[in-house]
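A short write-up of the structure that comes next.
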Amino acid sequence: MRTSNFLLSTLKETPADAEIISHQLMLRSGMIRKVAAGIYTWLPVGLRVMRKVENIVREEMNQSGGQEVLMPSIQPAELWQESGRWDMYGGELLRMKDRHGRDFAYGPTHEEVITTLMSNEIRSYKQLPANFYQIQTKFRDERRPRFGVMRAREFVMKDAYSFHLDQTSLQETYDLMFQTYTNIFNRLGLGFRAVEADTGSIGGNASHEFHVLADSGEDAIAVCDKYNYAANVELAEALQVGDERSAPSQEMARVDTPGQHTIEAICSFLSAPVEKTIKTLLVKGEEQGSVVALVLRGDHELNELKAEKHPLVASPLTWASDEEILAAAGCAPGSIGTVALELNVIADRSATNLSDFICGANQNDVHLTGVNWGRDCPEPIEFDLRKVVEGDLCARSDDQQDDSRLSITRGIEVGHIFQLGTKYSEAMKASCLDSNGKAALMSMGCYGVGVSRIVAAAIEQNNDDRGIIWPDAIAPFQLVITPIGYKKSEKVKAVCDDLYTQLSSLGIEVILDDRNERPGIMFADADLMGIPHRVVVGEKSLDKGQIEYKNRRADSAEDIAQENIMDFLKSALGKA
RNA sequence: CGGGGUGUAGCGCAGUCUGGUAGCGCACCGCUCUGGGGGAGCGGUGGUCGUAGGUUCGAAUCCUAUCACCCCGACCA
């Protein structure tokens, strides 16, 4: 490709509405342009990258026995009504009517279509297991699209669905997909981590998210290298911190704490360590009209996802109103405590082991010190309620003295695999004959990769102040030839054209910058677009028999003897 | 969905308070000089000021409506 023939729509200035670095660089390097909120056009540079990602995903899926299909982007409401999701899915499902007034939706996912299809196509256990995938444009009408293609409404996704007659088979394919995803992200050249994930409302036994690691990631991940454990912070189990509960050593006492309503204020007012305080949070209970108390050590944070999993707690988690709090505790938030509280009390593991602790007195502006479970108030129900923090013991360890500490890192979710079980096969009546000739429901697995999101995530992970730094595998071009004086010097032109032809014939994607631009502009554009390899051909160095090579990641260039340049580049590009 | 903000040339912005018929930088086109990190000079192209209605002799500017886009919020005793 020659730049004179190629839409290089680079921008020097950053568009005002781009917040994160990948969005800014995608706009500036001319990869995408916005058409509407969360809806983008992919320009040639951007599309080249996305196709690279797609092809790697496709090759690895094929390698693992996946069969590619293409389902419609627009789906009839009937399918969604059959699964019950027409009513359940909410505002993210973009609905529309055709000219006859029939309801349709732009597909945000394709379980209904594939399950219906396979209920007809698969008749015998001999056809199983089977795994079908597509690379498709999907639409989710996000509440708030942002961050460019990272959280867009229209996006490209690879989704795969596998079918089985028993759990063993499902687990085998699940494990195979886990390995396939590992291969995909390795080939993409991205730093990533597979993390245990919430199976959510879908149920099923196993679920893993694949995250590209980047400080700007939206998700926090708890990681322990010693036990190779990684989990979404929302899910990571929080073990008890602090010693076993010691015997009471203090009498319970009332102290006036005028105007002190936060843990921080209480600690400084009473000169008490925060580890000796508890906070009591009131939330709605599962039973209509009930209120439940959740207790955490003062310095810990509630993990709402964990709390709502407790059978006594309403799901989704809902905070009690100030009126309900007054009725249940007899005071305002900030003075609630566990003594003489006529509620179910659920306490985090690291709160149940406290003794002689400080809590509210259920009377405004009064607190209690020296409080002890069992003596001053009933023993609470113990439950894992808190959010893990950096330095917590890894849940895989059973030894308090272990050095397997969790660290918190950030990631961008780009893949998700989970076992669906029979949720959709039941709804869509997808069964086939087993080896006994009896009809049996098929169980399913589901495996997604956010193709367009990977493009943005790769940039979040790989950039510097000059622009994008693509991993070789997904760069729009592998190599850029930058001539100094292409239009002026016959010699320069001849060498560049020759290099271009030779490299192209090796299957290397080369872009030759034949614009009549100043070198600085050509360098800046190449760096912005993140082309991994660059050769500069100028008369001065040619006179010395040299051609300059620079890697995008390197600080400086190196001179290569002209007669060796092809060998050098073949080796640098892995084509030797 | 709640709160805040912004719509003026492809991009970044000024002008709006105090109405007088639209401007700056970058980009783009032409010429000249230049030629290894976004160079310089001269000359140009490009905007019904988001849209609709109103007030006025006159509206980017004031009023009303509407649309679009952006940011913040769903961690709290």
Side-chain angles (χ1 to χ4, degrees), chain A residues 7-20 23-24 27-28 30 33-39 90-92 141-148 220 233-234 257 260-266 277-283 293-296 298-307 316-322 324-326 328-329 331-337 359-360 362 364-365 367 385-387 389 465-467 482-489 492 513 515-528 534-542 546 548 550 556-557 559:
Chain A
L7 186 67
L8 267 193
S9 291
T10 54
L11 303 173
K12 197 184 288 186
E13 289 181 275
T14 305
D17 56 5
E19 187 77 356
I20 59 169
H23 189 194
Q24 293 173 357
L27 289 168
R28 285 190 52 211
R33 289 291 181 259
K34 185 172 74 179
V35 176
I39 298 177
E92 286 191 9
D141 202 355
E142 292 272 349
R143 243 169 309 190
R144 191 179 154 205
R146 57 191 140 164
F147 304 147
V233 161
E234 297 289 346
T257 50
Q260 314 295 312
H261 298 299
T262 65
I263 292 292
E264 203 176 307
I266 291 292
T277 64
I278 61 161
K279 51 184 170 191
T280 311
L281 317 175
L282 300 189
V283 299
L294 304 177
V295 174
L296 293 155
D299 54 333
H300 290 155
E301 256 180 38
L302 178 69
N303 181 327
E304 300 190 12
L305 218 62
K306 288 178 179 177
L317 189 92
T318 315
W319 295 97
S321 65
D322 284 356
E324 287 170 312
I325 291 173
L326 187 64
C331 64
S335 301
I336 311 172
C359 68
N362 296 326
N364 285 341
D365 297 331
H367 278 74
L385 283 180
R386 73 182 174 95
K387 189 174 273 191
V389 294
D465 54 3
R466 293 193 308 243
T482 308
I484 308 295
Y486 188 80
K487 295 267 157 70
K488 283 275 176 67
S489 162
V492 168
D513 202 338
R515 295 177 293 176
N516 198 20
E517 286 291 355
R518 301 173 62 81
I521 291 175
M522 295 190 282
F523 294 151
D525 277 345
D527 287 346
L528 179 59
R534 181 184 81 191
V535 294
V536 181
V537 179
E539 251 188 342
K540 283 179 203 155
S541 38
L542 283 182
Q546 290 174 333
E548 176 189 300
K550 182 177 173 303
S556 55
D559 292 319

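Keep in mind it's a predicted model, so treat the numbers as computed, not measured. Within every chain, numbering begins at 1; the chains are lettered A, B, ... in the order of the sequence lines, protein sequences first and strands thereafter.
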Considering only atom P, compute the distance from B:C70 to B:C57 and round it to an integer number of Å. 41 Å
Which base, if any, makes a Watson-Crick or G-U wobble pair with B:G43, both distances under 3.5 Å? B:C29
Show the distances under 3.5 angstrom between N or O atoms of the protein and N or O atoms of nucleotides 37-39 of chain B.
| unit_1 | atom_1 | unit_2 | atom_2 | d |
| --- | --- | --- | --- | --- |
| B:G37 | O6 | A:R534 | NH1 | 2.8 |
| B:G37 | O6 | A:R534 | NH2 | 3.0 |
| B:G37 | N1 | A:D527 | OD2 | 2.8 |
| B:G37 | N2 | A:D527 | OD2 | 2.5 |
| B:G38 | O2' | A:K12 | NZ | 2.8 |
| B:G38 | N1 | A:D525 | OD1 | 3.3 |
| B:G38 | N2 | A:D525 | OD1 | 3.2 |
| B:G39 | N9 | A:R518 | NE | 3.4 |
| B:G39 | N7 | A:R518 | NE | 3.0 |
| B:G39 | N7 | A:R518 | NH1 | 3.2 |

Between B:C26, B:C13, B:C76, spot the one nearest the side chain of A:W319, thanks. B:C76
Separation between the C1' atoms of B:C63 and B:U55, rounded to whole Å: 7 Å
What contact category does A:G485 fall into here, base, sugar-phosphate, or nothing, at under 4.0 angstrom with non-hydrogen atoms? nothing
If I take atom CG in residue A:L7 and atom P in nucleotide B:A27, what distance separates them, rounded to the nearest angstrom? 17 Å
At 4.0 Å (heavy atoms only), tell me whether A:N516 reaches a base, stays on the sugar-phosphate, or touches nothing. base
Give A:E517 one of three labels, base, sugar-phosphate or nothing, depending on what nucleic acid heavy atoms sit under 4.0 Å from its own. base
Paired with B:U21 by Watson-Crick or G-U wobble geometry, both distances under 3.5 Å: which nucleotide is it? none
In whole Å, what separates the C1' atom of B:U18 from that of B:C1? 39 Å
What integer number of Å spans the C1' atoms of B:A9 and B:A14? 14 Å
Mind checking the P distance from B:A60 to B:U51? Whole angstroms is fine. 11 Å
State, with a plain yes or no, whether a side-chain heavy atom of A:S335 is found less than 4.5 Å away from one of A:H261. yes
Using the P atom as the point on both nucleotides, what is the distance between B:C33 and B:G25, in whole Å? 25 Å
Interface polar pairs with nucleotides 40-45 of chain B, N/O, under 3.5 angstrom:
none

Could you let me know what B:U48 is paired to, Watson-Crick or G-U wobble, both distances under 3.5 Å, or none if it's on its own? none
What pairs with A:E324 under salt bridge (Lys or Arg N to Asp or Glu O under 4.0 Å), at least two apart in sequence or on another chain? A:K284
Distance check, C1' atoms only: B:G12 and B:U56, in whole angstrom units. 34 Å
Determine which nucleotide pairs with B:G73, using a 3.5 Å limit on both distances of a Watson-Crick or G-U wobble pair. B:C1
Reckon A:T14 touches a base, only the sugar-phosphate, or nothing at all at heavy-atom distances under 4.0 Å? sugar-phosphate
Under 3.5 Å on both distances, the Watson-Crick or G-U partner of B:A68: B:U6
Set of residues satisfying salt bridge (Lys or Arg N to Asp or Glu O under 4.0 Å) with respect to A:D141, sequence neighbours excluded: A:R153
Euclidean distance for P, B:U45 against B:G30 (whole angstrom): 14 Å
Using purine N1 to pyrimidine N3 plus N6-O4 or O6-N4 for Watson-Crick, or N1-O2 and O6-N3 for G-U wobble, both under 3.5 Å, which nucleotide pairs with B:G53? B:C63
With sequence neighbours excluded, residues passing salt bridge (Lys or Arg N to Asp or Glu O under 4.0 Å) with A:E142: A:R151
For a quick check of understanding: with a heavy-atom distance under 4.0 Å over all strands, which category does A:I325 fall into, base, sugar-phosphate or nothing? base
Identify each atom pair where a protein N or O and an N or O of nucleotides 71-73 of chain B are less than 3.5 Å apart, giving names and distance.
| unit_1 | atom_1 | unit_2 | atom_2 | d |
| --- | --- | --- | --- | --- |
| B:C72 | OP2 | A:R144 | NH1 | 3.4 |
| B:C72 | OP2 | A:R144 | NH2 | 2.1 |

Give A:S335 one of three labels, base, sugar-phosphate or nothing, depending on what nucleic acid heavy atoms sit under 4.0 Å from its own. sugar-phosphate
Spacing between A:I266 atom CD1 and B:C76 atom P, to the nearest angstrom: 17 Å
